[in-house]
Number of protein chains: 2
Amino acid sequence: MRYFDALATTLHFRKAAEMAHVSQPALSAQIAEMEKTIGAQLFERTQRSVVLSEMGQRLLPRIRSILREIRSLEEIAAQKRGVLQARMRLGIIPTIAPYLVPVLIPKLREHYPVLKMELKEAVTSKLIENLRIGELDAIVAALPIEDDMLTVEPVFHDRFLIATSANDNDVLSSPMTQDNVAVERLLLLEEGHCLRDQALAVCSATKQRQLVNYGATSMATLLQMVSHGMGLTLIPEIAVRAEAGHMKMRIIPFAGTEPRREIGLIWRRQSERQDDFRTLAQCIAESAATLRLGQEELAELRK
Amino acid sequence: MRYFDALATTLHFRKAAEMAHVSQPALSAQIAEMEKTIGAQLFERTQRSVVLSEMGQRLLPRIRSILREIRSLEEIAAQKRGVLQARMRLGIIPTIAPYLVPVLIPKLREHYPVLKMELKEAVTSKLIENLRIGELDAIVAALPIEDDMLTVEPVFHDRFLIATSANDNDVLSSPMTQDNVAVERLLLLEEGHCLRDQALAVCSATKQRQLVNYGATSMATLLQMVSHGMGLTLIPEIAVRAEAGHMKMRIIPFAGTEPRREIGLIWRRQSERQDDFRTLAQCIAESAATLRLGQEELAELRK
DNA sequence: GTGCTTTGATAAGATTTTCCTATCATGTTT
DNA sequence: AAACATGATAGGAAAATCTTATCAAAGCAC
């Protein structure tokens with residue numbers, strides 16, 4: 001049934017097989033087997049395309065419903081054991097994971113030693129896909145996320161600061177505002193990262209043509225570039241201590257209203273593990289709080 | 001899940017294994033496996049008894065619902081192919097099967113050559129059990145049957161006649177009524193057959209103490225006994241031609257209002273194969289009609 | 001057309017799962 | 001005490017499922 005669901009979703013044997021984590025022949029065989037026992041075609045394979053047959057259309061909602069019920073069953077079972085006692089598969093976006101995880105995991109280990117955490121790092125769109133198909137139980141990502149299937153719980157705010165080279169004294173001359181960011185020197189993450197879009201939104205969108213078009217693959221490489229004087233970038237507060245500590249860099253807060261991103265925990269609306277998620281959200285909020293910078297720290301980073 | 005359902009029903013490993021058609025160790029292992037993956041006890045095994053744990057109670061309705069949905073899925077698939085195209089597992093009580101089947105099967109074969117009929121012969125209570133747990137799709141039995149899970153469709157009436165030895169001339173002296181049946185000579189089927197109870201109901205219940213307590217295992221043996229002068233019995237009309245034809249026997253209709261049984265087709269209320277069942281009921285009615293006796297035939301049998 | 005890519009089906013062999021028979025341990029009944 | 005009933009365990013067989021490798025057909029580039 002999972003294979004049927006996947007194939008009905010993708011209408012493509014290979015992609016469905018990938019989604020179901022099996023080889024394409026295995027999926028083919030199972031679909032063929034299913035059609036045999038049912039005694040009718042479920043999919044019409046015209047050349048070049050796969051389409052649901054009438055029978056397939058009729059059965060699809062039922063099968064989806066069954067799969068949903070089974071998943072809910074698993075969740076109830078997990079829930080029954082107590083808060084955060086069952087395996088939790090958590091997705092985290094790459095601009096949060098490396099900073100949050102080292103704080104969150106020990107904290108969880110301390111309070112919930114039985115909990116098995118499985119982590120996955122990917123960009124928001126991938127995580128949402130994984131969440132929807134039930135391969136993840138929850139994800140940590142930047143808001144807003146709007147999706148009827150999902151419940152979104154805001155967890156903490158993460159302000160943006162400017163990271164630039166230690167030699168760069170220009171940024172000290174006047175208070176840093178969103179308008180006077182030197183966009184022509186702005187370095188960004190590669191496409192797909194929400195932080196890239198947020199950075200563009202923060203800095204005045206009018207000058208975007210002048211962008212340096214590079215696209216770093218991670219926060220760490222991006223800041224490596226910054227520290228080597230190749231430009232400046234927005235850095236989320238939670239990343240500062242980990243990244244700026246051992247690099248020659250200057251970190252400048254914005255003047256006035258500081259731009260920030262809101263980070264939330266997201267799960268499937270019909271999930272039965274509400275308590276788990278609320279508890280987890282609380283832990284994440286506490287972990288994030290420890291990553292916030294004090295005044296002295298900020299002054300030091302400003303050099 | 002089927003095993004879980006069976007065990008929750010029987011609260012007994014052996015009986016559950018039997019119901020699920022597997023060996024007891026197989027069921028034990030699967031339940032143990034299920035408890036392991038869920039991480040909690042599903043059943044509490046105190047000495048001498050098996051009880052659903054709280055977790056088990058919580059999961060039971062969900063699992064039943066899933067099993068029900070899966071069965072409904074199969075039925076929809078079967079139905080979609082057209083009327084009476086999918087395997088039909090039919091249960092028939094022993095006092096009908098041997099007479100109806102030889103007429104019904106050829107008829108079905110003619111009109112629905114693709115149909116695969118699987119027949120099972122057992123007493124009503126066994127058939128109902130099998131129907132409820134989904135091992136049969138429908139049953140043919142004597143009414144009344146009252147069960148919230150089931151739908152009952154009356155199909156035909158089958159009157160009772162008196163069968164006695166060919167030498168027995170007493171029965172010819174006066175018109176045969178329900179009151180003057182020689183109950184002390186009445187032979188019956190063994191316990192469990194509904195025909196036994198019906199025969200007792202037909203003949204005045206006041207004299208039941210005088211019963212010959214034998215209990216034949218089948219209509220054929222019963223009539224064998226009758227033809228050897230060991231007594232008399234009630235014979236359903238549909239059985240007469242097959243049984244009385246080659247035996248020395250006298251068949252006498254009741255005078256006045258003839259006692260009869262009503263035969264119905266019964267299926268699970270939630271089954272999706274309504275059309276199949278209506279069609280099948282029609283075929284059964286037609287088959288039964290061919291077993292009805294004509295006037296001349298009756299006269300001949302009276303000798 | 002000839003080669004190249006894509007797509008789903010097929011084949012063969014390995015792996016995993018599930019099952020069955022036989023047996024055991026424990027408590028119950030006679 | 002002996003026979004019985006009940007669920008767990010062990011060992012090996014059977015069945016289902018998966019993976020890799022390969023194929024055939026169709027679309028596409030040249």
Side-chain angles (χ1 to χ4, degrees), chain A residues 1-57 59-60 63 66-67 70 73-74 77 87 133-135, chain B residues 1-57 59-60 63 66-67 70 73-74 77 87 133-135:
Chain A
M1 288 198 199
R2 283 203 315 278
Y3 299 173
F4 174 88
D5 181 26
L7 185 53
T9 304
T10 61
L11 294 178
H12 190 292
F13 276 76
R14 267 171 218 288
K15 289 177 193 164
E18 190 183 348
M19 182 188 282
H21 302 300
V22 289
S23 65
Q24 171 264 317
L27 188 132
S28 276
Q30 287 303 308
I31 295 291
E33 172 71 17
M34 195 167 172
E35 288 181 329
K36 197 179 121 206
T37 58
I38 280 182
Q41 285 250 311
L42 255 25
F43 295 90
E44 287 160 18
R45 290 87 145 162
T46 64
Q47 301 309 133
R48 215 88 211 126
S49 75
V50 177
V51 190
L52 261 183
S53 72
E54 197 209 326
M55 170 77 89
Q57 287 177 32
L59 296 190
L60 179 60
I63 288 181
I66 290 173
L67 291 173
I70 288 176
L73 194 73
E74 291 163 351
R87 176 189 69 165
I133 64 178
E135 286 185 6
Chain B
M1 287 200 200
R2 282 203 314 280
Y3 298 172
F4 174 86
D5 182 24
L7 185 52
T9 303
T10 61
L11 294 179
H12 189 291
F13 277 76
R14 267 170 218 287
K15 291 177 192 162
E18 190 183 349
M19 181 187 285
H21 302 301
V22 289
S23 65
Q24 171 263 318
L27 188 131
S28 275
Q30 288 302 309
I31 296 291
E33 172 71 18
M34 195 168 171
E35 289 182 329
K36 196 179 122 205
T37 60
I38 281 181
Q41 284 249 313
L42 256 23
F43 296 90
E44 285 160 19
R45 289 88 146 163
T46 65
Q47 302 309 131
R48 209 85 211 128
S49 75
V50 177
V51 190
L52 261 183
S53 71
E54 198 209 324
M55 169 77 87
Q57 287 178 32
L59 296 190
L60 179 59
I63 287 180
I66 290 173
L67 291 172
I70 288 175
L73 194 73
E74 290 162 353
R87 176 191 69 166
I133 65 175
E135 283 183 10

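Every chain is numbered from 1 and lettered A, B, ... according to where its sequence line falls, protein lines coming before strand lines.
If you measure from atom NZ of B:Lys36 to atom P of D:dA8, you get 15 Å, rounded to the nearest angstrom. Between the P atom of C:dT18 and the CZ atom of B:Arg2 lies a distance of 12 Å, rounded to the nearest Å. Spacing between atom CE of B:Met34 and atom P of C:dT18 amounts to 12 Å, rounded to whole angstrom units. The distance between atom CD of B:Glu35 and atom P of D:dG7, rounded to the nearest whole Å, is 13 Å. In this structure, the CD atom of A:Glu44 is 15 Å from the P atom of C:dG8, given to the nearest Å. One interatomic measurement links the two molecules: CG of B:Leu42 to C1' of D:dG7, which rounds to 16 Å at whole-angstrom precision. Residue B:Glu18 contributes atom CD, which lies 15 Å from atom C1' of D:dA5 at whole-angstrom precision. Rounding to whole angstrom units, CD of residue A:Gln30 and C1' of C:dG8 are separated by 16 Å.
Considering only side-chain atoms of A:Ala26, the nucleotide from C:dC20, D:dC18, D:dG7 that sits closest is D:dC18. The side chain of A:Phe13 sits closest to C:dG8 out of D:dG7, D:dT20, C:dG8. For A:Ser23, taking side-chain heavy atoms from C-beta onward, the closest of the listed nucleotides C:dA9, D:dT19, C:dT18 is D:dT19. Nearest to the side chain of B:Val50, among D:dT19, D:dG7, C:dG8, sits D:dG7.
Residue-level contact check: A:Arg14 touches the bases, meaning some heavy atom is under 4.0 Å from a base atom. At a threshold of 4.0 angstrom between heavy atoms, the contacts of A:Phe43 with the nucleic acid are absent. If you check every strand for non-hydrogen atoms under 4.0 Å, A:Gln24 touches a base.
The local environment of CD in B:Glu18 is sparse, with at most 12 non-hydrogen atoms from other residues, nucleotides or ligands closer than 6.0 Å. Remark: B:Gln41 CD is packed, more than 12 non-hydrogen atoms of other residues, nucleotides or ligands lying under 6.0 Å away.
For D:dA8, the OP1/OP2 oxygens have a side-chain nitrogen or oxygen of B:Ser28 closer than 4.0 Å. When the side-chain nitrogen and oxygen atoms of B:His12 are compared with OP1 and OP2 of D:dG7, one or more of them lie within a distance under 4.0 Å.
No side-chain heavy atom of B:Val22 sits under 4.5 Å from any side-chain heavy atom of B:Gln30.
Both B:Ala32 and A:Val22 lie near DNA chain D, and the one whose nearest nucleotide falls closer to the 5' end is B:Ala32. Comparing A:Lys15 and B:Glu33 against DNA chain C, the residue whose closest nucleotide sits nearer the 5' end is A:Lys15.
None of A:Leu59, A:Ile63, A:Leu7 except one satisfies the side chain to side chain contact (heavy atoms under 4.5 Å, CB included) rule with A:Met34; the exception is A:Ile63.
For residues 33-57 of chain A, the pairs satisfying ring-ring contact (aromatic ring centres under 6.0 Å, His included) are A:Phe4-A:Phe43, with sequence neighbours left out.
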